[in-house]
Asks: 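Following this message is one structure expressed as C-alpha cells.
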Amino acid sequence: MAVISPAIGVQSGSHSALAFRQLGAALAGAAVQTFVGGPTALDVGHGLVRSGQLAVTQNGTPNMSVNVAAGTALVNGSSVLAQGIYAVTNDATVNLAIATADATNPRRDLVVIQVRDNTVDASGFNDARLFVVTGTPAASPTDPAVPAGCLVLARVAVAALAASVVNANITTLAGLARGSNWNQAWGTVGYAQATTDQTTITTLVDRTGLSQTFTAVAGRRYRVTANTIMISTVAGDVSALVIDVGGTQAQAAFMAVGLIGASGDRTIIAQLITSSISGSTTIKARVQRAAGTGSHTSAASGTAPSFILIE
C-alpha cells in the first residue's frame with residue numbers, strides 16, 4: 001500500500017494504532033524509514049521526554065542490581081518501515097537485577113526500555129517493559145545487540161568477580177527526543193565541568209573532566225564553548241585552550257592568552273561552530289603552555305568551574 005488510508009482526521013474514518021503512531025512520527029518530523037536502533041541511537045521521536053527521566057543508578061545499598069527512575073520516553077519502532085512512535089511511561093522506581101559477574105572477564109550490559117507489538121514484531125507480546133540485555137564477557141567487551149523496539153537508557157560495566165554495581169560503573173546513553181523543526185536550536189546537547197585544578201601543564205594535554213561524546217546529526221550546526229582559568233609560575237608565559245573535535249586538530253578552536261605575571265591568572269574562553277560532524281563524536285577541551293618556561297595550572301573550583309558546553 002503506497003498511501004495509508006483513511007488519513008487521520010477524516011470524518012467517520014476508522015483509524016488504526018499504526019495511524020496514530022505515524023501521526024506522532026509526523027509531528028516529530030521523523031523520516032519514512034525503518035528506524036535503526038542502537039546503544040546511542042538518537043533521532044526525532046526517539047529518546048527521553050525530559051532530561052534526567054528514567055535515570056539508571058545504583059541500588060541504595062549497592063548490590064548486583066540497578067534502579068530505573070520514573071519518566072516517559074518516546075520509542076521509535078524498529079521492526080518495519082514507518083512503524084511510528086510509541087510513548088512509554090514508568091511511574092515508579094524499578095529495580096532490575098544484574099546477572100552474576102564472570103569469574104575471569106568483564107562485560108557490558110545495557111539497560112533498555114522496550115515496546116513489544118506482536119502485530120509488527122511477531123514477538124508474541126503486546127506490552128512495554130524495562131529490562132537488562134546481558135553482554136558477553138571478554139577481555140575487551142563490547143555492547144550486546146539491541147533488540148527491536150528499544151531505547152537504550154544506560155550501559156553497565158560489570159567487572160570480573162564484581163559483587164556490586166555503583167554509579168561509577170553506569171554510563172547514561174539516552175538523550176532527549178528531538179522535535180519536529182530541524183531549523184530550530186535544540187539547546188544543550190552536552191555539558192561537562194571540572195571543579196579541581198589540573199597542574200604541571202606544559203605540553204598539550206586533555207583537560208581532565210572536559211569531554212563529551214554524543215551522536216551528532218549530519219547537517220546540524222553545533223556551537224562549542226570551553227572555559228578555564230590558567231595560571232603560570234613564570235611571568236609572561238602564554239597558555240592555550242583548545243577545543244578538539246573528533247581527535248583532529250583540523251576541527252579545533254585554539255585560544256591563547258599571555259599571563260600578567262608569575263602566579264597571575266587569566267580566564268580563557270574558546271568557541272567553535274561546526275556543521276561537518278555526524279555520528280558518534282567526542283569533543284573535548286585541551287590545555288597547554290603555548291610559550292614560556294613555567295609550569296601551568298588549569299584552575300577550577302565549585303564556584304568557578306572549568307567547563308565545556310555543546311549546543
Asks: Flag yes if Val189 and Ile273 sit in one hydrophobic cluster, no otherwise; membership is Ile, Leu, Val, Met, Phe, Trp, Tyr, and two members link when side-chain heavy atoms are under 4.5 Å apart.
Replies: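 The answer is no; the residues belong to distinct hydrophobic clusters.
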Asks: With sequence neighbours excluded, tell me which residues meet salt bridge (Lys or Arg N to Asp or Glu O under 4.0 Å) with Arg108.
Replies: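 In terms of salt bridge (Lys or Arg N to Asp or Glu O under 4.0 Å), with neighbours along the sequence ignored, Arg108 is linked to Asp143.
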Asks: Do any N or O atoms from the side chain of Gln114 and from the backbone of Ala148 form a donor-acceptor pair under 3.5 angstrom?
Replies: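 Yes.
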Asks: Roughly how far, to the nearest 0.5 Å, is the OG1 atom of Thr225 from the CG atom of Asn227?
Replies: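 If we round to the nearest 0.5 Å, Asn227:CG and Thr225:OG1 are 9.0 Å apart.
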Asks: Apart from Tyr191 itself, what residues make up its hydrophobic cluster when side-chain heavy atoms of I, L, V, M, F, W and Y under 4.5 Å apart count as a link, directly or indirectly?
Replies: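 Noted: Tyr191 shares its cluster with Phe307, Leu309.
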Asks: Is a donor on one side and an acceptor on the other found under 3.5 Å between the side chain of Asn118 and the backbone of Gly124?
Replies: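 Yes, because the side chain of Asn118 sits within donor-acceptor range (under 3.5 Å) of the backbone of Gly124.
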Asks: Find the distance between CD1 (Ile243) and CD1 (Ile269) and round it off to the nearest 0.5 Å.
Replies: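 Here the rounded value is 10.5 Å.
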Asks: Restricting to non-hydrogen atoms, name the atom on Thr213 and the atom on Ser280 that form the minimum distance, rounded to 0.1 Å.
Replies: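 In terms of heavy atoms, the two residues are closest at CG2-OG, 3.8 Å.
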Asks: Under the criterion side chain to side chain contact (heavy atoms under 4.5 Å, CB included), I'd like the reasoning laid out for Ile283 against Ile308: C-alpha separation, chi angles, the key distance, then a yes or no.
Replies: CA-CA 9 Å; Ile283 298 182; Ile308 187 166; 3.9 Å; yes
Asks: Ignoring hydrogens and angles, tell me if any N or O in the side chain of Arg116 forms a donor-acceptor pair with the backbone of Gly149 under 3.5 Å.
Replies: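 Absent.
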Asks: Please check this pair: side chain of Asn63 against backbone of Ser65, looking for a donor-acceptor N/O pair closer than 3.5 Å.
Replies: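 Answer holds: yes.
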Asks: Looking only at heavy atoms, what is the nearest atom pair of Ser232 and Gly294, with distance?
Replies: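 Here Ser232 and Gly294 meet closest at OG-CA, 4.0 Å.
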Asks: Run the side chain to side chain contact (heavy atoms under 4.5 Å, CB included) check on Val158 and Met64 step by step: do they pass?
Replies: CA-CA 9 Å; Val158 182; Met64 289 301 285; 4.1 Å; yes
Asks: Can you find a heavy atom in the side chain of Val152 that is under 4.5 Å from one in the side chain of Val111?
Replies: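 Answer no - side chains too far apart.
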Asks: Would you say Asn90 and Leu54 make side-chain contact, with heavy atoms under 4.5 Å?
Replies: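 A side-chain contact under 4.5 Å exists here.
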Asks: Evaluate the side-chain proximity of His296 to Asp237: yes if any heavy-atom separation is below 4.5 Å, no if none is.
Replies: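 A side-chain contact under 4.5 Å exists here.
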Asks: Please round to the nearest 0.5 Å and tell me the distance separating atom CG of Leu153 and atom CG of Leu96.
Replies: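 Interatomic distance, Leu153 CG to Leu96 CG, rounded to 0.5 Å: 9.0 Å.
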Asks: At what distance, to the nearest 0.5 angstrom, does CD1 of Ile229 lie from CD1 of Ile268?
Replies: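 Between atom CD1 of Ile229 and atom CD1 of Ile268 there are 10.0 Å.
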Asks: Donor-acceptor check, side chain of Asp206 to backbone of Thr208, threshold 3.5 angstrom: yes or no?
Replies: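 Answer holds: no.
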Asks: Find out whether Gln288 and Ser239 are in side-chain contact, i.e. whether some heavy atom of one side chain is under 4.5 Å from a heavy atom of the other.
Replies: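 No. Closest side-chain heavy atoms not under 4.5 Å.
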Asks: Around atom CZ of Arg129, are there more than 12 heavy atoms from other residues, nucleotides or ligands closer than 6.0 Å?
Replies: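 Count over threshold, so yes.
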Asks: Does a side-chain heavy-atom distance below 4.5 Å link Thr267 with Thr228?
Replies: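 Side chain of Thr267 against side chain of Thr228, heavy atoms only: no contact under 4.5 Å found.
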Asks: Where is the tightest heavy-atom contact between Leu241 and Ala226, given as atom of each residue plus distance?
Replies: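 Scanning both residues, the minimum pair turns out to be CD2-O, 3.6 Å.
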Asks: Strictly distance-based, threshold 3.5 Å: is any side-chain N or O of Asn167 a donor or acceptor partner for the main-chain N or O of Gln58?
Replies: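 Yes, because the side chain of Asn167 sits within donor-acceptor range (under 3.5 Å) of the backbone of Gln58.
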Asks: Locate the shortest heavy-atom distance separating Ala300 from Ala194; write the atom from each residue and the value.
Replies: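 Looking at all heavy atoms of both residues, the shortest contact is CB-O, 3.2 Å.
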Asks: Quick check for you: to the nearest 0.5 Å, what is the distance between Ile201 atom CD1 and Arg207 atom CZ?
Replies: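 If we round to the nearest 0.5 Å, Ile201:CD1 and Arg207:CZ are 7.0 Å apart.
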Asks: Report the distance from atom CD of Gln271 to atom CZ of Arg223, rounding to the nearest 0.5 Å.
Replies: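 Gln271 atom CD to Arg223 atom CZ measures 5.5 Å (nearest 0.5 Å).
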Asks: Identify the two heavy atoms, one from Val120 and one from Ser79, that lie closest to each other, and give their separation to 0.1 Å.
Replies: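 Looks like O-CB, 3.7 Å.
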Asks: Measure the shortest side-chain to side-chain distance between Val88 and Thr72 over non-hydrogen atoms and say whether it is less than 4.5 angstrom.
Replies: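 No - every pair of side-chain heavy atoms lies 4.5 Å or more apart.
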Asks: Report yes or no: does Asp121 contribute a side-chain atom to a donor-acceptor pair with the main-chain N or O of Asp117 at less than 3.5 Å?
Replies: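 Between the backbone of Asp117 and the side chain of Asp121 there is a qualifying donor-acceptor contact (under 3.5 Å).
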Asks: Could you walk me through whether Thr281 and Val245 pass the side chain to side chain contact (heavy atoms under 4.5 Å, CB included) check?
Replies: CA-CA 7 Å; Thr281 302; Val245 180; 4.1 Å; yes
Asks: Restricting to non-hydrogen atoms, name the atom on Ser306 and the atom on Ala299 that form the minimum distance, rounded to 0.1 Å.
Replies: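 The answer is OG-O, 3.3 Å.
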Asks: Quick one about Thr200 and Ser295 (side-chain donor to acceptor, distance below 3.5 Å, no hydrogens or angles considered), yes or no?
Replies: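 Distance-only check fails for Ser295 and Thr200.
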Asks: Are the side chain of Asn59 and the backbone of Pro62 linked by a donor-acceptor contact shorter than 3.5 Å?
Replies: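 No.
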Asks: Checking the side chain of Asn76 only, and the main-chain atoms of His46 only, is there a donor and an acceptor separated by less than 3.5 Å?
Replies: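 Here the side-chain-to-backbone pair does not exist.
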Asks: Would a 4.5 Å heavy-atom cut-off, applied to side chains only, mark Arg107 and Asn105 as touching?
Replies: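 No; the side chains remain at least 4.5 Å from each other.
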Asks: Please lay out, stage by stage, how Phe125 and Val115 fare under the test side chain to side chain contact (heavy atoms under 4.5 Å, CB included).
Replies: CA-CA 9 Å; Phe125 299 91; Val115 176; over 6 Å; no
Asks: So, does Thr188 use its side chain to make a donor-acceptor pair with the main chain of Gly190 at under 3.5 Å?
Replies: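 Checking the backbone N and O of Gly190 against the side chain of Thr188, no donor-acceptor pair under 3.5 Å is found.
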Asks: Could you check if a side-chain atom of Ser276 sits within less than 4.5 angstrom of a side-chain atom of Tyr222, using non-hydrogen atoms only?
Replies: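 Contact flag for Ser276/Tyr222 side chains = no.
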